[in-house]
Amino acid sequence: MDTSKKKSFFINVFIALFLIFVQYNGYFSLKIGNAVPFLPFAFIIIISMLSSEIYSAFTGLVMGIIIDAISSTSFGFNSIIFPVICLSVTLLVHYLFNNNILASLVLSGAYSVIYFAIRIVLFYSKSSISEMFSYFWSTTIPSVIYTTVIAFLLYIFEKKVIKL
Amino acid sequence: MRFFFRSRQFKTILSVFLVVVILALAFGFAGSRMAPFTDIAGIITAPFRNLSTAVNNGIKDFISTYKGGNDLMVTNTELSDELNELRKKSAEYDEMKSENEFYKNYLGIKEKNEDFTFCPATVISRDTTDPFYGFTINKGLASELKVNDPVITDEGLVGFISEIGSTTAKVTTILSSNLTLGALDSRTADSGILKGNLQLAQKGMCRFSNLARSSSIAIGDYVVTSGEGIFPDGLLVGSIKSIGNDDYNYSIYADVVPFVDFSSIRKVMVITSFEGQGGLNPAGE
């Protein structure tokens, strides 16, 4: 690994840990109304856009395992879904999308919707359909928008980190 | 893209992924145990989470003490160092005092329920994306905790342990739709089922339903556990905020505000054993 890659790797590790800390510390959060940004998720989407397939899949796996250990989701949900999301984002960016800010907005928005929808179906399935829809519109959609905004900012930041 | 799917890279990713899926599912279905990789990540990250919790608590306590004595700081700058020292001590004293208060309150519960065995635990992470305020505590199998053990604070019932690792455990709160528990109105002894749902959880409430139409529950009544399910009887849950009829007018329900503020819990007690333990599962099945 050359020096610049090493540098960006360590900066990314630090950013990942910082975002996990902000997300799960429980004493302060970036919550605005019902909207809660999913910071580590925004981070892995952006990392996946800017990495190779294998790097993004393993980043997703490591982040998924750490988040499974900390968050309230169970049965290795994030360890399973994060690598799949990361790998598919990388493949889409390599073969279908241009790697630009617009793609970062579209991909983070679309994948956040998919992630939260799967989570609602799997973990809140004992609630009624109307409750799930109401939750989706009142909380999930604002959270997706918020996460997308964070992803947009992270994309700009990551582009600068890569150039270091 | 086709070349990628035929490459060795993809085969490596796929095999690691399959191992992760198999392990996660095997451990998940075999008794709500954390998968080994999640458990190891939990063990590795636990000290950091403990540290971040301690730092957070320290900052919070210090700020609250600092705010209280801000005028003194302005008028007497010469004594600021000494004052800061005293404040630190005062914060430590307050923490010890609240800790004593915490254990004293549990002593009251313990005196009323001699069969209870407690294990104190600290909240080390909270999932802000969880609408039911689930959190993780710093005790696990190593402290003889088990899945479905009830979790309480001195204010009342919090929830139960839904997933467990060696040194950490995940707590599902009573706001969750995955938990159904038998409950009683403490004044009238009317019994029903307490369950959370997504909409009420956003307001920090849960629903006490299946109450007979003839029941005489009233707003402000206290709701306690009935002893059916995984919880012992007599644990305080919350107070009734509103009463309504169910969709088919067969029974009535009440919306309950739990006594516990789930967003600010720092310390909890896990009831590791009690008389009659091992009833229905958390889903009430």
Side-chain angles (χ1 to χ4, degrees), chain A residues 17 20-31 34 36-38 41 52-54 56-58 61-62 64-80 83-84 87 90-92 94-96 116 119-120 123-128 130-132 134-136 138-139 143, chain B residues 1 4 7 9-10 12-13 16-17 20-21 23-25 27-29 32 34-35 37-46 48-49 52-53 56-57 59-60 123-136 162-163 165 168 170-172 176-178 195-199 202 263 283:
Chain A
L17 293 176
I20 289 172
F21 170 76
V22 173
Q23 185 80 43
Y24 295 105
N25 72 81
Y27 295 95
F28 64 89
S29 73
L30 302 176
K31 192 173 179 180
N34 282 341
V36 186
F38 194 6
F41 188 82
S52 66
E53 290 91 345
I54 196 136
S56 79
F58 280 101
L61 181 65
V62 172
I65 290 172
I66 293 173
I67 288 167
D68 271 332
I70 306 173
S71 73
S72 63
T73 52
S74 42
F75 307 131
F77 171 70
N78 294 303
S79 318
I80 295 169
V84 176
L87 184 61
T90 308
L91 291 174
L92 284 174
H94 284 189
Y95 298 103
L96 201 66
F116 282 114
R119 196 168 147 163
I120 289 173
F123 294 106
Y124 314 143
S125 57
K126 287 190 175 166
S127 303
S128 65
S130 66
E131 275 171 25
M132 286 199 268
S134 152
Y135 177 75
F136 185 80
S138 68
T139 306
S143 299
Chain B
M1 201 186 289
F4 172 72
S7 68
Q9 269 191 356
F10 178 69
T12 313
I13 294 169
V16 172
F17 177 71
V20 168
V21 172
L23 281 175
L25 294 178
F27 277 79
F29 286 115
S32 298
M34 279 182 193
F37 47 83
T38 311
D39 200 6
I40 291 166
I43 293 167
I44 294 168
T45 55
F48 298 105
R49 283 185 277 160
S52 78
T53 307
N56 270 320
N57 288 345
I59 292 169
K60 218 173 181 182
V123 177
I124 52 171
S125 60
R126 235 180 273 266
D127 190 350
T128 44
T129 57
D130 179 12
F132 302 125
Y133 296 92
F135 56 86
T136 309
S162 51
E163 199 181 44
T168 57
K170 290 179 186 181
V171 176
T172 296
S176 170
S177 57
N178 293 330
K195 199 175 179 205
N197 68 46
L198 279 167
Q199 273 174 332
Q202 284 177 291
S263 59

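Just so it is clear: chains get the letters A, B, ... in the order the sequence lines come, proteins before strands, and each one is counted from 1. None of the values given here were measured: they were computed from a predicted structure.
With respect to chain B, the highest number of heavy-atom pairs below 4.5 Å among A:Val62, A:Leu30, A:Leu87 belongs to A:Leu87. With chain B as the partner, the residue from A:Lys31, A:Arg119, A:Met132 showing the most heavy-atom pairs under 4.5 Å is A:Arg119. With chain A as partner, the option from B:Phe135, B:Tyr133, B:Phe132 having the largest number of non-hydrogen pairs under 4.5 angstrom is B:Phe132.
Interface residue A:Leu61: only side-chain heavy atoms are found under 4.5 Å from chain B. A:Ser143 does not touch chain B: none of its heavy atoms, backbone or side chain, sits under 4.5 Å away. Only the side chain of B:Val16 comes within contact range of chain A, with at least one heavy atom under 4.5 Å from a heavy atom of that chain. Proximity to chain B is absent for every atom of A:Ile20, based on heavy atoms less than 4.5 angstrom apart.
In this structure, the separation between OG on A:Ser71 and CG on B:Asp130 is 8.5 Å, given to the nearest 0.5 Å.
Ring geometry for A:Phe38 versus A:Phe116: interplanar angle of 30 to 60°, hence tilted.
Annotation: side chain to side chain donor-acceptor pair (under 3.5 Å) contacts of B:Thr12 (sequence neighbours excluded): none.
Shortest non-hydrogen contact noted between B:Gln199 and A:Ser134 is NE2-OG, 3.2 Å. Listed here is the closest heavy atom pair of B:Ser162 and B:Val171: OG-C, 4.3 Å. Looking at every heavy atom in both residues, A:Tyr135 comes nearest to B:Thr129 through OH-O, 3.9 Å.
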